[in-house]
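Letters A, B, ... mirror the listed sequences (proteins, then strands); counts begin at 1. Treat the numbers as computed from the prediction; the structure is a model and nothing was measured. Atoms considered below: every heavy atom in the structure, side chains included; atoms not considered: hydrogens, waters and symmetry mates.
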Amino acid sequence: MEGTLFPSRPVLPIQTSRPIQPSPPVKFNATTLPPLPQTPSSFPIDSLLQHLLNISSPPNTPQNLKPLNPPHQTNAVFPSLQISVDSTPKQHQLKKPTSVLVHNFEDKAKPEDGLIDFLTVKGKMMFNSIVESPLHCVNELCDSAKFELLEVDLISLLKALDLSGNWERALLLFEWIMLNLHSESLKLDKQIIELMVRILGRESQHTIASKLFEVIPIEEYSLDVRAYTTVIHAYSRTGKYERAIDLFEKLMEMGLSPTLVTYNVMLDVYGKKGRSWNKILGLLAEMKSKGFEFDDFTCSTVISACGREGLLDEAKEFFAGLKSQGYVPGTVTYNSLLQVFGKAGVFMEALSILKEMEDNNCPPDAVTYNELVAAYVRAGFAEEGASVLKTMTQKGTMPNAVTYTTVINAYGRAGKEEEALRLFNQMKETGCVPNVCTYNAVLAMLGKKSRPEEMIKILCDMKSSGCAPNRITWNTMLAMCGDKGKHKYVNQRHLQYLDQCIWTVWVRYRCCTDAR
DNA sequence: ATAGGGTTAG
């Protein structure tokens, strides 16, 4: 499908003479960028580790330059995978070790002692080095310690990395194994792949998983049904519906029995692919014939599929059929039904769903209220939508970023910019963190009103709160610059700043990691 | 315990 993360973007001449750190008119807040792990300068440890440490202690200053054009093969074969890994904001700060590596390792590995026993001494050392090194050095590190890696039980090392909260490093080790498959006596076996699939699935790294299994002929490894289900799901989340369907068929050919979850994932695949209602009916019939009981996942998935296609009657019929069999719908199922009618503008039906939820003691959640807000807003009642914020707070459900975004957007469309901005500030004051959609909505609103100064401010705010801009953000910013009619509002300073923003983001995040 | 569903932005 693609060779790079951004096929539409020109391949930037990385080593251009362009200044990386020109002084921008408005300075980027460096502290908001993903922290890079710091590496200690020296450790009293044996020669192997000394060697590894030399690699793992790059100069601290031009870090953002280093990964741009790394000498290792990784980028050639997995141009995007490493980017994705590097661009993920760190959830956990890597602790700077204060003592010898091994000591440090034993300090923080208490819960995994049993597993660690499987590792050889050298494995422990490798583990420590990998854990403590900046991500972009891990591959060099692996290369330089090839001998040790060949001795160590790789699956245990992978497991240990994962258990210690370093799934990104686990991925890098996995990549390294893949890269050395032919030159070394390494083997990618079923167990290693299954583990990697499980890790990526658990971390919801669908984009990475999807790209990874573009390279690995996964159907040749006879993985278990769960692993295949995870991969199908990853394909689905990245829009590769045909691949998902293909893998499902292969799985059947291999004689594996799909589980309830596999079927639910496939229902979702056809639902998202669209125009596949017959396929959905077919799968449901197949499930029934195999004796599977539909669960809440099955129901909400099928109903959402109806919603996308506007199949109101089909949704109603399916729902009624389930209830007649004694099925008690849960909140998520009601929510998807609510969306079907809300989207179609059938408010009486939507209200009756809310009533039914109440009667059945099915507790509404934030999504329920969000659907309600969306229904109001679609009908042009921005204030009524805003009033739901109060209602839900009173009933003990905190409005979330989606709730605020919906209302802010509605105010924006209604020409009530100040109301929208007030709500945006209120949102932040109450501790609700805006997400990329919230920022995009505010930016689009300001863009329409030609308020570039404020747009720049919002963009800075975005950076300082650690929210990565995506394709839509940049398009909104660029539209502001390019709009001829409003061009007089955009001065050289704005353009320069925006240019700097884009450049910095490119360097630091390798541009935004838009999932789609 | 493991794999899955619903809401927002150009």
Side-chain angles (χ1 to χ4, degrees), chain A residues 194-195 197-202 204 206 209 223-234 236-237 244 258-269 271-272 294-308 315 329-340 342-343 353 364-375 377-378 385 388 392 397 399-410 412-413 420 424 427 432 434-448 458 462 467 469-480 483 514 516:
Chain A
E194 281 174 357
L195 178 58
V197 169
R198 206 163 70 218
I199 294 172
L200 292 175
R202 190 199 58 218
S204 299
H206 309 301
L223 309 184
D224 63 19
V225 192
R226 285 188 182 126
Y228 283 126
T229 305
T230 307
V231 179
I232 293 175
H233 182 234
S236 166
R237 293 292 285 256
T259 66
L260 178 61
V261 178
T262 317
Y263 277 115
N264 285 345
V265 171
M266 283 312 295
L267 288 170
D268 194 41
V269 167
K272 298 227 165 83
F294 297 167
D295 65 3
D296 235 23
F297 286 89
T298 321
C299 302
S300 59
T301 306
V302 172
I303 292 172
S304 297
C306 294
R308 289 188 200 98
T331 304
V332 179
T333 301
Y334 276 119
N335 287 348
S336 45
L337 203 57
L338 210 51
Q339 207 221 346
V340 172
K343 214 171 160 184
I353 305 283
D365 64 4
V367 179
T368 316
Y369 288 110
N370 290 346
E371 302 278 18
L372 186 61
V373 175
V377 159
R378 267 191 291 257
V388 178
M392 62 193 289
T397 306
N400 62 21
V402 179
T403 327
Y404 282 108
T405 305
T406 311
V407 180
I408 287 171
N409 195 38
R413 286 181 196 281
F424 181 58
M427 168 185 187
C432 181
N435 62 25
V436 66
C437 298
T438 321
Y439 283 111
N440 288 346
V442 173
L443 287 172
M445 179 184 82
L446 294 173
K448 258 191 289 187
I458 297 286
M462 208 169 164
C467 177
N470 65 12
R471 200 178 72 247
I472 296 173
T473 318
W474 295 123
N475 282 344
T476 309
M477 297 303 292
L478 290 169
M480 177 262 289
D483 194 329
D514 210 10
R516 286 171 158 238

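Closest approach to the Ile472(A) side chain among dG10(B), dT8(B), dG5(B) is made by dG10(B) (side chain taken as heavy atoms from C-beta onward). Here dA3(B) is the nucleotide among dG10(B), dT7(B), dA3(B) with the atom lying nearest to any side-chain atom of Val261(A). Distance from the side chain of Arg471(A) is smallest to dG10(B) among dA3(B), dG5(B), dG10(B). Side-chain proximity of Thr259(A) to dG5(B), dA9(B), dA3(B): nearest is dA3(B). Side-chain proximity of Val332(A) to dT7(B), dG10(B), dG5(B): nearest is dG5(B). With distances taken from any side-chain atom of Thr406(A) to the nucleotides dG5(B), dA3(B), dT8(B), the minimum falls on dT8(B). Of the candidates dG5(B), dA9(B), dG10(B), the closest approach to any side-chain atom of Ser300(A) belongs to dG5(B). Here the nucleotide nearest the side chain of Val402(A), chosen from dA9(B), dT7(B), dA3(B), is dT7(B). With dA3(B), dG5(B), dG10(B) as the choices, the nucleotide that has an atom nearest any side-chain atom of Phe297(A) turns out to be dG5(B). When each of dT7(B), dG5(B), dT8(B) is scored by its nearest atom to the side-chain atoms of Asp268(A), the top-ranked nucleotide is dG5(B).
Between Arg237(A) and the phosphate of dG5(B), there is a side-chain N or O to OP1/OP2 separation shorter than 4.0 Å.
Distance Phe424(A) CZ to dT8(B) C1': 14 Å, rounded to the nearest Å. Atom NZ in Lys272(A) sits about 8 Å away from atom P in dT7(B), given to the nearest Å. In this entry the distance linking CZ of Arg308(A) with C1' of dT7(B) reads 12 Å, nearest Å. What separates CD1 of Ile458(A) from C1' of dA9(B) is a distance of 14 Å, to the nearest Å. Rounded to an integer number of Å, the gap from Arg413(A) CZ to dG10(B) C1' is 10 Å. Summarising the geometry, the separation between CZ on Arg226(A) and P on dT2(B) is reported as 10 Å, rounded to the nearest angstrom. The CG-C1' distance, from Leu478(A) to dG10(B), rounds to 12 Å in whole Å. Counting to the nearest Å, the P atom of dT7(B) and the OH atom of Tyr369(A) are 19 Å from each other.
Contacts of Val265(A) with the nucleic acid, taken as non-hydrogen atoms under 4.0 Å apart, involve only primed sugar atoms and P, OP1 or OP2. Arg198(A) comes within 4.0 angstrom of sugar-phosphate atoms only, judged by non-hydrogen atoms across all strands, and of no base. Contact annotation for Thr333(A): base contact, defined as any heavy-atom pair under 4.0 Å involving a base atom. Among the atoms of the strands shown, only primed sugar atoms or phosphate atoms (P, OP1, OP2) are found under 4.0 Å from some heavy atom of Asn409(A). At the heavy-atom level, Ala374(A) lies nowhere under 4.0 Å from the strands shown.
In this structure, CD1 in Ile408(A) is found 12.0 Å from CG in Asn440(A), a value given to the nearest 0.5 Å.
For the side-chain hydrogen bond (donor to acceptor under 3.5 Å, both in side chains) test, no residue two or more places apart in sequence or in another chain qualifies with Thr230(A). Evaluation of the ring-ring contact (aromatic ring centres under 6.0 Å, His included) rule for Tyr228(A) yields no partner, not counting sequence neighbours.
The shortest side-chain heavy-atom distance between Arg308(A) and Lys272(A) falls under the 4.5 Å cut-off. Two residues are said to be in side-chain contact when any heavy atoms from C-beta on lie closer than 4.5 Å; Ile303(A) and Gln339(A) fail this criterion.
Donor-acceptor pairing under 3.5 Å, judged by distance alone, is absent between the side chain of Asn435(A) and the base of dA9(B). A donor and an acceptor atom never sit less than 3.5 Å apart when one is taken from the side chain of Thr301(A) and the other from the base of dG5(B). Between the base of dG5(B) and the side chain of Asp296(A) there is a donor-acceptor pair shorter than 3.5 Å.
Looking only at atom types and distance, the side chain of Thr301(A) has no donor-acceptor partner in the side chain of Asp268(A) under 3.5 Å away. For the residue pair Thr473(A) and Asn470(A), a side-chain donor N or O sits within less than 3.5 Å of a side-chain acceptor on the partner.
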